[in-house]
Structure formats: C-alpha cells, structure tokens
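Below, each value reflects all heavy atoms present in this structure, side chains not excepted, and no hydrogens, waters or symmetry copies.
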Amino acid sequence: MNIIQMVHALPKAREMGGFSTLLGIGPMSPMLLQATLELSKEQDFPILFIASRNQIDIQEFGGGYVSGWDQKQFCQAIADMARKIDYDGLYYVCRDHGGPWQRDEERRAALPEEEAMARGLKSYLADLDAGFDLLHIDPTKDPHIKGTVPMDIVLRRTVELIEAVEKYRLEKNLPPIGYEVGTEETNGGLTGTKEFAEFIERLCKMLTEKGLPTPNFIVGQTGTLTRLTENIGHYSTENAQLLASVAAKYGMELKEHNGDYLPDRLLLMHPALKVGSSNVAPEFGVDETRAYVTLAKLEAELFEKGIVPQKSNLFEVMRKTAVETNRWRKWMVGEQAELTVEQVLADEELANLILDISGHYTYESEAVAPELKKMLDNLEAANVPARRFVLDKIKRSIGKYVSAYNLRGLTSRLRACAEEK
C-alpha cells in the first residue's frame, strides 16, 4: 500500500476505529529506527519516518548527521532492520523540510536562489531514486528575505519544484509519490485560516492547470514551538480544529510540526480536533541521550565496585562533542545561543544541558561512536541489558503518542479498507 493509497483509506479506517492522528518520527539514530519498527510491529500502526536534509542527504552535500547516511543508505538501513525483526507492517520514508536553503550551511552561505533551488531539486531527485514515499516541498526559508517569505514566491517555487520532480519521476518510470506542502514558520505563531485556505486554493489551481498532482498533506502552525526540552509555544486548539477542517475540504491532511513535549492533555486532544498528522523528532533523541547518560553513570558505579574491569569515557566525550557541534544554538533561548564553545564548556551545568538537547547529533561521530560501543559492551559483559534498555526507553517515549493519537491497530484497519475497495 503506497502512501497515497494509505491516505485515501484513512477516512474509512477512522470510521471503523475512531479518528487517528498519524505520527511522523524523526530518524535521529539507528536505535530509534529499530525501536520504532519494533513498537509498530507490536502495536500495529503505520510509521512515517521524516528525514530533514540535515539528517539525511546526498554525499555531495555532506550526507547527514544520522550515521552519515545518504538517501539510499537510509532506506537500506530501514529495510535491513525491518527484515531483522521480521517486520510486516506499513512504514513510509518521507522527506521533511526539503527544498532550497534547508541545509544549515546553505542558509549561512546565503546561496543565491538559482543555486539553492538547484540543490534542493537535486536532493529531491536522490530521494526519488532511493524510494522515498513522500516529499515535503518547503521553499519557506530564504536568507535574502527578512521575515516570512511572501505567498506568491512560495507558490511559484512550490509548483516549480513539484513540476521538476514529477518530470523526473515519469522519465524514470518511478511509482507515484505523495506530497506535503505548507507555509509554516517555526516561530510559535499561528497560521491564519483565511491565508491557509487561499494558499491551498491557489496552489491546487496552479498544479491542476499543469496536470500535476495535488498534495496529500499541508502544514499548518497550531502554535507549537520547541526550545530546550520544552514546547514553549501557545497551542491553539481552536486554530488546530479550523485548519484541519479547511484542509479536509480540499482532501488533505493537516500536518502539524514541532509536536514534541506537549502535555498529555493536548496530545489526547489531537484526534478530537482531527489533526491529521503530527511530527515529533528531538524529544526522541533527548530520551535516547538520557538513556546513555544513565548507563554511563551505572558503568562508573560498576567500575568502582570492580564489576566492570574497564570504563569508557562516554559521558565526557559526548558532552564535549555535543557542545562543539554548535547545533544546540537552534534550541536555545536568549543570550545563551550566542555563547562561545569555550564559555559553554567552562559552565558544567550549561554543558550538561546542551548534552541533553544535542547528544543525538554525536552518536555516530568519530569521537563518540567507539566510546558508546565500549560502554554498551562493558555493561552487557556485566549482564546489564544495556542496548535493550535504550531501545525500550525510546519505545516508551514513542508509545505515549501511539496511545494518545489512537494509532493502535490502524495498520490492520487500513489494510481492511484497502481490500474493500
């Protein structure tokens, strides 16, 4: 069942078992991939793996921070893991925030539009070749424009990119894919329903005139904003409900971004508000890092007791590397985002905070990877189920969304609906 067929089967599946909000999961690490597939197999729900260009991209652009994978390696890693655990469910590989200036270095370099668009397109074509199921066409970042990119420019670039992607797909005789679009800015504001409807209507008209497919998902800002390990936005249930209603009129699913760290009350409300899909990423990376920190402290205790004959240096190396990545700056608030690496390393409390929020950027780094393996091996040699502890901690983190979003059993319902048709 491809992603388009899945989305078309959703309404009937929701009639059978109640409204379900799909969950987009950021692929922060190989452990997270395994944990997600295991939980999906156990609880029978479909997976949307949402990879940003910083996480996964072609080697020409530097690959991604998740294992250094490009698109083909990423898809192969998921397929290999699925075979390893005898997974027979539904998973979809999705490009999250694809397009121009979506790699951090592209924005820092303020690439000219023509070059940024060409790089964004080249990345999309590699997505197609690797077998991605859904592409988020997101030309809403532009270092040359102060503030929000005007709708006319977003529409022009969106259509231009979809047209080029579809031309390549047809030339290569590749299967149909789904599309996600949107004008969301991660600033904690709200998408106005009038502008939202205007954007959808104008975009669909432009795409239809060119014989191009219309999107399956559209991003709308419901007030979410992730900083540190909190969602500091002001969630608007009214806006979420209105945007979902508008999207449904055009046959689209409302996609919410930055759904991390919301309280249970708001998570449980998502199906009631009929939010079609919600993306979560850094929260799962933070929980994995916390699992490693717990294990590192345990390893130190067992070393002191003589139970573990040697000790890794994981905690210190991971903390230093996390600070040196500078990726934490996007999650910080106020003056802290401007501190130098040296200033942060001199402040133990702040360095520990940055390890908490940015540890997931380091797992596969040259400095951290051998220390991580050494720690896990040391503990398992001492009969501590270290790797399983990490996997189960991640599964518990994902599990609260599966429960709140009414996802359990959705794969079976989707398949039943597809067979009926």
Quick test of your reading of the model: are [X] and [Y] salt-bridged, counting only N-O distances below 4.0 Å?
X    : Y    : result
E288 : K393 : no
R95  : E180 : no
K320 : E348 : no
K141 : E106 : no
R202 : D152 : yes
R396 : D392 : no

Inset, instruction - May I ask you to check whether S52 and N54 show a side-chain donor-acceptor distance below 3.5 Å? - result: no

Legend entry - Any side-chain donor near an acceptor of the partner, E256 and N279, under 3.5 Å: no

Inset, instruction - Specify whether Y87 and Y91 have parallel, tilted or perpendicular ring planes, treating 30° as the upper limit for parallel and 60° as the lower limit for perpendicular. - result: tilted

Inset, instruction - For the pair F74 and F49, name the ring-plane relationship: parallel under 30°, tilted 30 to 60°, perpendicular over 60°. - result: perpendicular

Partner set under side chain to side chain donor-acceptor pair (under 3.5 Å) for [X], not counting sequence neighbours:
X    : result
R103 : D57, E105
R157 : E113, D142
D70  : none

Inset, instruction - With ring pair (Phe, Tyr, Trp, His ring centres under 6.0 Å) as the test, would you mind laying out the steps for H270 and Y235 before giving the verdict? - result: CA-CA 11 Å; H270 275 58; Y235 198 92; 5.5 Å; yes

Closer than 3.5 angstrom, by distance alone: can the side chain of [X] be matched with the main-chain N or O of [Y] as a donor-acceptor pair?
X    : Y    : result
R329 : L339 : yes
N406 : G17  : yes
S403 : G399 : no
T21  : V275 : yes
D287 : I394 : no

Inset, instruction - Please say whether the positively charged group of R408, taken as NZ for Lys or CZ for Arg, lies over the ring of F45, i.e. under 6.0 angstrom from the six-membered ring centre and within 45 degrees of the axis. - result: no

Legend entry - Under the ring-ring contact (aromatic ring centres under 6.0 Å, His included) test, residues paired with Y361 that sit two or more places apart: Y65

N/O donor-acceptor pairs under 3.5 Å from side chains in residues 307-318, not counting sequence neighbours:
{"from": "S312", "atom 1": "OG", "to": "E299", "atom 2": "OE1", "distance (Å)": "2.8"}
{"from": "S312", "atom 1": "OG", "to": "E299", "atom 2": "OE2", "distance (Å)": "3.4"}
{"from": "S312", "atom 1": "OG", "to": "L314", "atom 2": "N", "distance (Å)": "3.4"}

Inset, instruction - Under the salt bridge (charged side-chain N to carboxylate O under 4.0 Å, His left out) rule, collect the residues that match up with R83, sequence neighbours excluded. - result: D80

Legend entry - Check against side-chain hydrogen bond (donor to acceptor under 3.5 Å, both in side chains), Q71 and D129: CA-CA 8 Å; Q71 289 92 324; D129 287 336; over 6 Å; no

Inset, instruction - Run the numbers on Q343 and T340 for side-chain hydrogen bond (donor to acceptor under 3.5 Å, both in side chains), then give the verdict. - result: CA-CA 5 Å; Q343 287 173 317; T340 66; 3.3 Å; yes

